[in-house]
Amino acid sequence: MKQSVKLVAGNWKMNGLGASLGEAEALKQALTEQAAGCRVALCPPATLIERMARVLAGGAVELGGQDCHAEASGAFTGSVSAEMLTDAGANLVILGHSERRTGFGETDADVAAKTEAALAAGLEPIICIGETLAEREAGQAIEIVSHQIAGSLPLSLSGKAFAVAYEPVWAIGTGLTPTLEQIEEVHAAVRAAMVARLGEGGRTAPILYGGSVKPSNAAEILAVAEVGGALVGGASLKAADFLGIIRAA
Ligand SMILES: O=C(CO)COP(=O)(O)O
């Protein structure tokens, strides 16, 4: 199927201080001199969003959060709401990353509730799914991601702008990636699960691939059927590396 414009998003995770704004500025500058053929976003720690919004103003780079609370406000010490991300200048938010599912016990139901909150705040959610190594070795990858899609995507997503990111847990930060055939197989299954869940509303949202994407493997991964972009961790921290991936898209 012919895909629409791809989305390449950088997830800085818990990396980056004020000094890193220079990387955002370099990215903006490079994409001003030579436009990207894809959408480009950076998802820094929440503390940097507002400053980064100022740095990126007037350019082509979009901004996202890495998580939000399911409630709009209240007594939730340490949390950030979707509306706060919008207020700070974000238009996207990553939800259900495996590091939050594993480290913070987030369930599919939590991710669905956060997605509702993101939509209510006008954010475009990037909903992450993916199997562990044990699940892949047990031949359960397709079953796991299909189940995660059914549980993590609220029906209200239909007709809204959103993305899904397939990130095999064992490929994150390890330098390992699935074969292109494995990526194609899972992305096809994810698409089928999205359509089963949302009907026509599940047919067009991009399915990003994430997990050890680098300038050297980006072109072949991004050429796989149903790969609608990339969610990039480590290689998004340096503008030069991230640009290598953007150019491949
Ligand atoms: O978790 C990821 C992006 O959300 C992927 O991280 P790496 O690109 O560092 O493997």
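In this chain, residues are counted from 1 in sequence order. These values consider heavy atoms only, across backbone and side chains, with no hydrogens, waters or symmetry-generated copies. Numbering of ligands and ligand atoms starts at 1, following listing order.
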Please report, to 0.1 Å, the donor-acceptor pairs under 3.5 Å made by any side chain of residues 155-165, with sequence neighbours excluded.
unit_1: S156; atom_1: OG; unit_2: E116; atom_2: OE1; d: 2.8
unit_1: S158; atom_1: OG; unit_2: L198; atom_2: O; d: 3.4
unit_1: K160; atom_1: NZ; unit_2: S156; atom_2: O; d: 3.4

Run through all N or O atoms in ligand 1 and write down each protein N or O closer than 3.5 Å, as a pair with its distance.
unit_1: ligand 1; atom_1: 1 (O); unit_2: K13; atom_2: NZ; d: 2.8
unit_1: ligand 1; atom_1: 1 (O); unit_2: H97; atom_2: NE2; d: 2.8
unit_1: ligand 1; atom_1: 1 (O); unit_2: E167; atom_2: OE1; d: 3.4
unit_1: ligand 1; atom_1: 4 (O); unit_2: N11; atom_2: ND2; d: 3.0
unit_1: ligand 1; atom_1: 4 (O); unit_2: H97; atom_2: NE2; d: 3.0
unit_1: ligand 1; atom_1: 4 (O); unit_2: E167; atom_2: OE1; d: 3.2
unit_1: ligand 1; atom_1: 4 (O); unit_2: E167; atom_2: OE2; d: 2.9
unit_1: ligand 1; atom_1: 6 (O); unit_2: K13; atom_2: NZ; d: 3.3
unit_1: ligand 1; atom_1: 8 (O); unit_2: G233; atom_2: N; d: 2.9
unit_1: ligand 1; atom_1: 9 (O); unit_2: G234; atom_2: N; d: 2.8
unit_1: ligand 1; atom_1: 10 (O); unit_2: G173; atom_2: N; d: 2.7
unit_1: ligand 1; atom_1: 10 (O); unit_2: S212; atom_2: N; d: 2.8

Nonpolar side-chain network containing L133, other nodes, edges under 4.5 Å: W170, L176

Does a side-chain N-to-carboxylate-O contact under 4.0 Å join D108 and R101? yes

Would you mind reporting whether K238 and E23 have side-chain heavy atoms less than 4.5 Å apart?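 SC-SC contact between E23 and K238 confirmed.
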
By salt bridge (charged side-chain N to carboxylate O under 4.0 Å, His left out) - contacts of E131 (at least two apart): R136

Angle between ring planes, Y166 versus H187, binned at 30° and 60°: parallel, tilted or perpendicular? perpendicular

